[in-house]
Visitor: 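This is the structure I have questions about; it appears just below.
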Amino acid sequence: MQLNSNPLLQEMQALSEQLSTATRTNEIDPPSVLPNMTQSVQNTAGSDFEQLLTQAIGKVNSLQSNGSQMSNKLDSGDPSVTLTDTVIAREKASVAFEATIQVRNKLVDAYKEIMSMPV
């Protein structure tokens with residue numbers, strides 16, 4: 001099976017080319033198309049792990065509360081909220097939560113491995 005003959009891959013490449021062309025010609029504003037796709041990482045020199053973990057969990061919490069608020073607004077018939085925006089907000093929250101679960105699992109595995117090491 002060749003990846004070049006995959007129609008989904010070809011469509012994704014075409015969309016990527018259209019996006020980069022539109023961005024170069026200023027037809028679209030990239031932040032509106034790709035909001036928060038890349039997040040700036042604060043300088044972590046001198047930060048302790050607890051602060052970083054608390055900050056990450058706070059971000060996940062805010063994504064989840066934003067998704068819940070948008071769902072409630074959509075349910076109540078608020079015309080300023082669209083179904084698409086609500087689904088995207090909920091998916092962002094879901095992905096962030098799943099990533100947090102994976103980080104937790106890795107931390108627990110690392111802790112177990114460290115505790116099982118002979119001294």
Side-chain angles (χ1 to χ4, degrees):
M1 177 177 143
Q2 292 181 346
L3 289 178
N4 293 336
S5 64
N6 187 342
L8 181 60
L9 179 62
Q10 290 173 351
E11 183 178 345
M12 289 172 56
Q13 289 172 341
L15 289 172
S16 175
E17 289 173 15
Q18 288 174 357
L19 179 62
S20 63
T21 302
T23 303
R24 280 193 306 264
T25 60
N26 292 328
E27 290 176 16
I28 58 169
D29 184 20
S32 67
V33 175
L34 303 171
N36 300 326
M37 287 298 285
T38 58
Q39 297 179 357
S40 62
V41 177
Q42 295 178 356
N43 186 3
T44 58
S47 296
D48 62 345
F49 183 72
E50 180 184 3
Q51 273 183 323
L52 296 174
L53 190 61
T54 303
Q55 183 182 16
I57 291 173
K59 178 71 175 167
V60 171
N61 186 35
S62 69
L63 286 171
Q64 287 182 330
S65 66
N66 182 37
S68 294
Q69 288 174 356
M70 290 185 77
S71 291
N72 290 338
K73 287 180 182 180
L74 183 69
D75 290 343
S76 65
D78 188 350
S80 67
V81 178
T82 64
L83 177 62
T84 308
D85 292 338
T86 304
V87 170
I88 289 171
R90 296 294 298 223
E91 284 301 312
K92 282 183 182 179
S94 176
V95 168
F97 184 72
E98 288 297 322
T100 304
I101 296 296
Q102 292 300 319
V103 169
R104 182 208 60 186
N105 291 344
K106 291 292 182 182
L107 286 172
V108 169
D109 289 343
Y111 176 78
K112 286 179 182 177
E113 186 175 331
I114 290 170
M115 293 308 291
S116 67
M117 288 181 176
V119 185

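Along the sequence shown, the residues carry numbers beginning at 1.
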Visitor: Which residues pass the side-chain hydrogen bond (donor to acceptor under 3.5 Å, both in side chains) test with Thr82, not counting sequence neighbours?
Guide: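 Asp85.
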
Visitor: Who are the side-chain hydrogen bond (donor to acceptor under 3.5 Å, both in side chains) partners of Asn72, not counting sequence neighbours?
Guide: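 Asn72: no side-chain hydrogen bond (donor to acceptor under 3.5 Å, both in side chains) contacts found.
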
Visitor: What residues, two or more places apart in sequence or in another chain, satisfy side-chain hydrogen bond (donor to acceptor under 3.5 Å, both in side chains) together with Ser71?
Guide: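 side-chain hydrogen bond (donor to acceptor under 3.5 Å, both in side chains) check on Ser71 returns Arg90.
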
Visitor: For the atom pair CD (Glu91) and CD1 (Ile88), what is the distance rounded to the nearest 0.5 Å?
Guide: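 If I round to the nearest 0.5 Å, the distance is 9.5 Å.
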
Visitor: Under the rule for side-chain contact (heavy atoms from CB on, under 4.5 Å), what residues qualify as partners of Leu83, not counting sequence neighbours?
Guide: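 Scan of Leu83 (side-chain contact (heavy atoms from CB on, under 4.5 Å), adjacent residues dropped) gives Leu74, Val87.
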
Visitor: Distance-only criterion, 3.5 Å: show the donor-acceptor pairs between side-chain atoms of residues 61-70 and protein atoms not counting sequence neighbours.
Guide:
| residue | atom | partner | partner atom | Å |
| --- | --- | --- | --- | --- |
| Ser62 | OG | Lys59 | O | 2.8 |
| Ser65 | OG | Asn61 | O | 3.4 |
| Ser65 | OG | Ser62 | O | 3.0 |
| Ser68 | OG | Gln64 | O | 3.1 |

Visitor: With sequence neighbours excluded, give me every side-chain hydrogen bond (donor to acceptor under 3.5 Å, both in side chains) pair touching residues 100-116.
Guide: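 Those involving residues 100-116 do not exist here.
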
Visitor: Apply side-chain contact (heavy atoms from CB on, under 4.5 Å) to Leu107 and list each qualifying residue two or more places apart in sequence or on a separate chain.
Guide: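 Here the qualifying residues are Phe49, Val103.
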
Visitor: I'd like to check the side-chain hydrogen bond (donor to acceptor under 3.5 Å, both in side chains) partners of Ser80; sequence neighbours left out, ordered by chain and number.
Guide: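 side-chain hydrogen bond (donor to acceptor under 3.5 Å, both in side chains) check on Ser80 returns Asp78.
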
